[in-house]
Q: 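The structure follows.
Fair warning: this is a prediction, and the values are worked out from it, not measured in the lab. Sequence lines set the chain letters: A, B, ... in the order given, protein chains first and strands last, and positions in each chain run from 1.
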Amino acid sequence: QEEGARTFYWISHGAPADPVWTYFLQGAEQWATDTGHSVNTSFHSGDVPSHQEAVRAAIAAGADGICSTSPDPGSLVDVVAEARAADIPIVNFNTSDEAPDWNAYVGGDLLSIGRQWAQYLVDNQLVQEGDFVWMPVEVPGASYGVEEERGIAEVFEPLGITWEVTDATLDQAEIITRMTDYLTANRERISAIIGLGDLVTGSVQRVFDQAGIPAGEIPVVGWGNSLDTTQAVMDGYVNAAMWQDPQATSYMCLSSLLMESSGIPIGFDVLTGALYEAETAQLYHGIMGGQ
Amino acid sequence: MANSTSALPAHPPRPGALRAFVSKPEFGPLVLLVGMIVVFTSINPAFLSLTNIGNALTFTVELGFIALAMTLLMTAGEFDLSVGSVFGFAPVVMWTLVNTGTMPLGLAFLVALLLALGIGLISGLFVTRLAIPSFLVTLGMLLVVRGTALWLTDGFPQRTWNAGEQWLAQVLVGEICMGGEGVGCAGGLRIYMSLIWFAIIAVAFHYLLTGTRFGNWIQATGGNPGAARNRGVKTGRVKIILFMLSALLAAFAGAISSIRVSAANPNSGTGYELEVIAMVVIGGTVLTGGRGTIVGTVLGVLILRLMRNGIVMIGVPGLAYNIFIGAIILGMMALHSGLERRHNPGT
Amino acid sequence: MANSTSALPAHPPRPGALRAFVSKPEFGPLVLLVGMIVVFTSINPAFLSLTNIGNALTFTVELGFIALAMTLLMTAGEFDLSVGSVFGFAPVVMWTLVNTGTMPLGLAFLVALLLALGIGLISGLFVTRLAIPSFLVTLGMLLVVRGTALWLTDGFPQRTWNAGEQWLAQVLVGEICMGGEGVGCAGGLRIYMSLIWFAIIAVAFHYLLTGTRFGNWIQATGGNPGAARNRGVKTGRVKIILFMLSALLAAFAGAISSIRVSAANPNSGTGYELEVIAMVVIGGTVLTGGRGTIVGTVLGVLILRLMRNGIVMIGVPGLAYNIFIGAIILGMMALHSGLERRHNPGT
Amino acid sequence: MAGANGDILVDMRNIEKSYGGVHALRGVNLSIRRGEIVGLLGDNGAGKSTLIKVLSGAVPYTSGEIVIKGRPVRMRSTLDAIANGIETIYQDSALVPQLSIARNLFLGRELRKGPRFLDRLDLDRMNGVAAELLRRVGISKNIPPTTPIGSLSGGERQAVAIARAMYFESDLIILDEPTNNLGVAETQGVLRFVREARDTGHSCVFIAHNIHHVFQVVDRIVVMRRGTIVSDDLSPRTSSIQEVEDIITGEPVAA
Amino acid sequence: MAGANGDILVDMRNIEKSYGGVHALRGVNLSIRRGEIVGLLGDNGAGKSTLIKVLSGAVPYTSGEIVIKGRPVRMRSTLDAIANGIETIYQDSALVPQLSIARNLFLGRELRKGPRFLDRLDLDRMNGVAAELLRRVGISKNIPPTTPIGSLSGGERQAVAIARAMYFESDLIILDEPTNNLGVAETQGVLRFVREARDTGHSCVFIAHNIHHVFQVVDRIVVMRRGTIVSDDLSPRTSSIQEVEDIITGEPVAA
Ligand SMILES: Nc1ncnc2c1ncn2[C@@H]1O[C@H](COP(=O)(O)OP(=O)(O)OP(=O)(O)O)[C@@H](O)[C@H]1O
Ligand SMILES: Nc1ncnc2c1ncn2[C@@H]1O[C@H](COP(=O)(O)OP(=O)(O)OP(=O)(O)O)[C@@H](O)[C@H]1O
Ligand SMILES: [Mg+2]
Ligand SMILES: [Mg+2]
């Protein structure tokens with residue numbers, strides 16, 4: 001390592017094999033290459049104790065700064081306080097959590113993202129009062145789905161729209177099978193689908209094909225940080241999808257840390273995210289390396 | 001009297017074919033399967049519709065491949081926790097080779113299978129030469145293989161969109177539509193070539209286990225390794241071959257699955273190991289080795305997968321899914337144990 | 001000659017204390033642990049810093065509680081896959097009761113522990129009364145318990161904000177700062193009360209296994225159940241008690257963890273079962289029962305957790321993490337097997 | 001040897017036992033008197049082990065009655081047998097290979113010390129008694145009582161099982177082929193023990209295929225064939241080895 | 001019984017074997033001639049089983065040399081022994097409980113039919129041979145050869161192991177306490193088999209604690225004590241049972 005190179009820790013509650021996290025990781029690695037500082041990355045698959053342990057390991061190692069997601073609302077209050085006490089800047093990214101005393105937050109506002117999906121369905125008259133919406137999620141109970149569901153509830157509850165969250169798992173073949181089963185059983189009942197994770201939204205096209213449902217018969221919105229989803233949006237299987245700026249989120253988080261560790265405090269949050277439809281999908285397709 | 005002994009050696013007296021059938025170890029699982037189908041169909045008749053059957057069988061056989069090989073391995077007294085990760089690893093390798101233009105699909109498929117054989121060989125060598133429990137070896141191997149798949153792809157899924165047109169894809173998972181029409185084979189029964197492969201391999205393995213010398217060695221290796229070794233059976237070699245076979249079939253299943261679902265995700269196959277072992281055990285193969293049944297495993301595979309399909313079909317609340325799966329496993333096992341007891345009251 | 005036999009019955013002649021020590025089953029894991037610490041420290045000296053030690057020990061002991069109980073259960077010849085889900089389930093119940101104002105924390109804690117005992121009782125009854133393999137029973141139980149936790153909370157995590165101030169929280173996981181100051185106990189060694197609980201339970205279990213009648217029964221139950229039963233040992237009851245103990249300690253660990261990390265998520269504990277079993281096996285307890293060692297398990301727990309901590313400390317890239325963990329497990333086991341062989345060349 | 005009713009320790013009446021299809025015991029009647037050594041003989045598969053397993057509660061019986069000291073007893077498990085003063089040394093699976101000799105000896109009835117509920121194994125005393133017993137049963141080599149059973153030779157294991165029955169002096173001691181793997185010295189140790197037991201008022205059932213051993217100790221010989229008792233009052237004093245062998249193989253009856 | 005060198009089938013020279021701390025064999029020399037039945041006697045733990053396990057490749061030896069038919073042989077595994085015409089019936093763990101009698105009999109050398117590579121087990125022939133062998137070894141009950149070993153009585157199992165050695169007629173057949181659990185008829189079957197084997201030119205090593213059985217068949221008696229051979233040319237024709245017993249227990253030597 002060259003003189004003056006600093007070490008930052010990038011700690012994620014995501015699963016290493018969750019494709020969207022690959023884009024986040026890419027941003028972090030790009031940043032390390034660009035700046036010459038080193039970034040130690042780790043994934044904790046939603047395991048709170050091991051996530052906490054990693055943050056504390058970073059504090060023990062005397063990190064110059066820490067980028068961390070929040071595996072669960074409120075779960076990092078103490079460790080963030082310890083980092084601050086040790087004069088190590090710590091910035092929250094990807095999943096917001098008000099409780100700890102972060103230096104800043106970089107990423108989407110999950111509550112508002114949930115609200116946007118629901119509102120999109122309502123505004124475009126894709127669902128009406130009394131309808132039923134199906135919301136598959138990879139890991140039920142994980143923070144992202146939970147926050148999003150809250151946002152969705154704010155819109156749907158007053159309209160009397162009901163919904164069900166189902167467990168799709170993180171395994172692609174299993175996801176497709178379970179979603180196909182569910183669609184086959186409930187095809188008549190479902191007015192719309194909200195994919196609460198990238199893997200589920202990205203599987204919609206294959207599920208429709210498998211269940212023999214033509215594109216567009218059931219409206220779909222959800223996460224859109226994968227090539228599968230951008231393709232599905234372009235092909236009409238998914239009506240609108242949410243872009244989270246994953247690479248940018250990591251990059252900005254680390255940049256703000258570098259700035260902070262150089263003595264320029266960050267006093268603001270950076271919010272990301274954009275809901276795209278078929279016309280703009282090509283842009284995000286390109287960012288992720290698709291043709 | 002000496003005469004009567006040698007006259008009928010191969011055919012012991014049968015106290016009624018029905019009774020013999022009932023006392024077979026596969027009888028319990030069969031009753032469970034039939035009972036389950038009856039219950040689900042009575043709640044939602046669509047459970048037995050052609051579309052649903054075709055759909056349910058698709059993924060079933062992919063796990064089934066692994067379960068078949070695991071049956072042989074478990075009969076020899078070992079098991080393999082790394083099959084799920086090999087299931088994810090093999091297609092990732094295959095499609096990386098294809099997508100980077102390094103080689104055509106057929107060759108890449110072979111390379112993936114060869115790598116899987118290598119993985120099985122290493123597990124087998126660790127277990128037999130170093131005498132490390134297969135639990136630890138294959139758990140370590142699980143992590144290494146899964147990690148390698150991630151590291152190889154940087155975590156990105158490999159795209160497999162145009163697989164469908166290749167001849168190999170047709171041979172492995174070509175669709176066969178019987179009596180239906182259109183994209184989803186509406187109104188008919190759509191099956192994949194993989195089902196036919198599954199049937200072929202199941203018959204072959206059944207025959208291997210019960211009718212060949214190697215099958216005899218597998219059972220002896222699991223039943224009493226000391227005795228088998230004393231008789232000159234190379235128990236180490238038997239186990240190594242079975243570890244390789246189990247990795248091979250996991251890779252084969254992974255490749256098939258990746259072509260069918262058009263996705264090669266380094267993460268796929270997570271957690272399959274426990275499900276596959278559960279299938280084998282429900283079928284009547286014992287965890288500690290010595291006794292195994294391919295017929296039972298086929299029943300076990302169908303029981304566990306149709307159960308998952310049926311639970312969704314009858315409309316169990318989404319978040320209660322696991323409760324039902326778990327409760328059904330427990331309930332069925334209790335029933336099974338009851339059946340066993342009834343026709344074997346002596347012990 | 002008859003005299004010399006009865007004069008020293010309790011103390012067989014020792015060919016040097018060192019040799020006796022080397023031939024103990026715990027020697028292998030100890031060497032592995034020391035070697036690992038040396039390697040990590042030489043790469044990153046902060047690995048041995050007080051802060052890091054305090055940090056690494058925190059989560060270690062929470063998994064350690066489960067491993068201690070699992071050691072006893074595995075010595076009796078069974079294992080429990082449902083511990084991870086109980087680890088997640090118990091705190092969810094506890095905090096749901098507290099947050100809805102139904103009862104105070106202390107009472108809710110007791111209720112959670114009682115529920116866990118019930119879960120263990122059911123697993124135990126299924127295994128012993130219905131003679132179903134513990135693999136299937138506890139896999140089914142895993143799904144039921146995990147599903148119940150999800151269904152109970154509708155998937156929403158429970159908030160545990162103000163746990164820190166309660167007396168029970170202090171008793172279970174109060175912080176003790178030695179030599180440091182300020183919020184993070186900077187410069188000193190911070191340990192939690194849970195470490196002390198772990199030490200107490202480890203000593204108690206070691207004593208239970210080696211020095212009491214119940215411990216003798218545990219080993220006999222796993223070693224030769226038929227013989228144990230013939231001697232009047234109630235092997236069924238032994239197993240049931242141990243299933244209950246294992247669920248109890250999983251719930252205890254879950255409650256402690258939830259208070260410490262201020263989160264009660266229905267998903268927590270996923271996958272712990274395999275890690276805990278790996279810890280126990282690395283420590284030298286055999287999967288098939290009969291032989292178990294608490295000292296070995298403590299070493300196994302430290303080995304696996306410090307390995308994970310060390311890998312983060314020395315900056316292994318996130319995606320390669322699993323490769324390293326897996327490779328280290330395989331490498332350590334190979335070393336272990338080498339050690340075993342060297343000091344036991346006869347067999 | 002007196003015929004008085006009060007002398008009968010165990011009375012098995014019309015015991016039937018089937019294993020699935022195999023009819024292992026077909027209405028067996030057997031009484032054992034106090035202080036009597038009964039030799040139970042019969043060819044392989046005759047039902048000897050099954051009969052004594054029924055008596056010691058290790059195997060459930062299909063029908064029949066067991067009366068001990070005049071009281072009818074339902075044998076549901078080995079605990080019932082132990083509670084009724086019946087100690088058994090099984091032909092197979094009697095020991096736990098991983099446990100030490102001393103722990104095996106005391107399995108199920110461990111010696112303890114310390115206050116109740118906090119009591120612990122009295123390993124010193126257990127090891128001491130074990131060493132003494134090993135010597136008494138005739139194991140001449142210096143085997144420490146802390147050795148695991150798994151590393152003993154076949155005969156040494158059998159000797160340990162014998163030592164156990166010696167220690168827990170019960171009303172009735174059942175030995176299923178106890179001399180099977182034993183050498184000359186160990187065999188003499190067992191036979192001596194059986195005689196000692198009788199002399200102190202205990203009863204014994206002794207199963208062995210080696211008729212020479214049987215003839216050296218028993219008071220009465222009972223012969224089984226195919227699940228029934230075909231002869232139950234032979235005495236080694238009045239019958240010859242050849243006569244008994246003929247009854248066992250069924251020659252004179254068949255001829 | 002001729003002393004010519006060409007008659008020596010197996011020559012074990014200065015064999016040493018330690019199990020960790022236990023010195024089980026201390027420089028054992030033993031030759032076995034063609035067509036000779038050697039009785040190997042000794043108390044429990046004398047090293048008999050260890051010696052024959054070394055000879056049959058089941059256990060590695062620490063040092064020493066084994067010469068078979070004049071050629072030095074390195075015994076690395078049981079396969080080496082089988083290849084050199086040595087067949088062994090072990091005292092323990094000789095059978096696979098889950099497999100049928102016929103499959104156990106042929107384990108390792110299954111009968112097959114059909115084209116090479118597609119060959120399959122010839123179960124009909126295996127079952128036929130098995131039934132015939134069971135009859136020859138003297139199991140009188142009608143046990144079908146498809147019965148799993150696990151449901152046989154102890155003696156029946158031993159008989160199956162014997163039947164196996166009968167079928168695979170080897171140069172040297174080693175029997176480690178083969179009559180241990182056998183009844184009168186089965187024991188006679190084994191002894192008959194051993195004599196038959198000798199008469200057709202095979203050699204045998206016969207281990208048993210029942211000296212009466214040994215005296216009925218062997219040509220020469222070898223006695224071991226504590227890992228060494230203390231006497232290797234006793235003949236049942238010239239020595240009495242009492243004399244041999246004294247040598248086994250070491251009485252005259254110690255006195
Ligand atoms: N667990 C079992 N299951 C089925 N059949 C059994 C079982 N145990 C014994 N048998 C059968 O019951 C009959 C009697 O067996 P038992 O063991 O009582 O004979 P035994 O007289 O003790 O013979 P041995 O002298 O060989 O020990 C035999 O035919 C045997 O095959
Ligand atoms: N696997 C083993 N590990 C350690 N020690 C062993 C092992 N096998 C045998 N021994 C020891 O080696 C010595 C010789 O045992 P061996 O089995 O050869 O005796 P044996 O003459 O066959 O006795 P028996 O008549 O009781 O069968 C004994 O002291 C025994 O305890
Ligand atoms: Mg018997
Ligand atoms: Mg022996």
Q: Any idea which heavy atoms bring E:P97 and B:G223 closest together, and the distance?
A: CD-O, 4.2 Å

Q: Applying side chain to side chain contact (heavy atoms under 4.5 Å, CB included) to B:Q219 and E:V96, what does each step give before you reach the verdict?
A: CA-CA 8 Å; B:Q219 294 176 60; E:V96 181; 5.9 Å; no

Q: Using the side chain to side chain contact (heavy atoms under 4.5 Å, CB included) rule, take B:K234 and E:L79 through it: C-alpha gap first, then chi angles, then the decisive distance, then the call.
A: CA-CA 9 Å; B:K234 298 205 173 90; E:L79 285 180; 3.3 Å; yes

Q: What residues of residues 286-293 of chain B sit under 4.5 Å from chain E when only non-hydrogen atoms are counted?
A: B:G289, B:G290, B:R291

Q: As an exercise, state the distance from CZ of E:R120 to CG of B:L208, rounded to the nearest 0.5 Å.
A: 14.0 Å

Q: Rounded to the nearest 0.5 Å, how far apart are CD1 of E:I89 and CG of B:N230?
A: 12.0 Å

Q: Go through the atoms of E:D122 and report whether side chain, backbone, both or neither lie under 4.5 Å from a heavy atom of chain B.
A: neither

Q: Less than 4.5 Å to any heavy atom of chain B: does that hold for the side chain of E:S56, its backbone, both, or neither?
A: neither

Q: Can you list every ring-ring contact (aromatic ring centres under 6.0 Å, His included) pair that touches residues 204-252 of chain B, not counting sequence neighbours?
A: B:F65-B:F252

Q: Taking 4.5 Å as the heavy-atom cut-off, does anything in residues 99-115 of chain E contact chain B, and if so which residues?
A: E:L99, E:R103, E:L107, E:G108, E:R109, E:E110, E:R112

Q: A quick test of your reading: do over 12 heavy atoms of other residues, nucleotides or ligands sit less than 6.0 Å from CZ of B:R237?
A: no

Q: For chain B, find its close neighbours in residues 68-78 of chain E: heavy-atom separation under 4.5 Å, sorted by number, or none.
A: E:T78

Q: Under 4.5 Å from any heavy atom of chain E, what part of B:R213 do you find: side chain, backbone, both or neither?
A: both

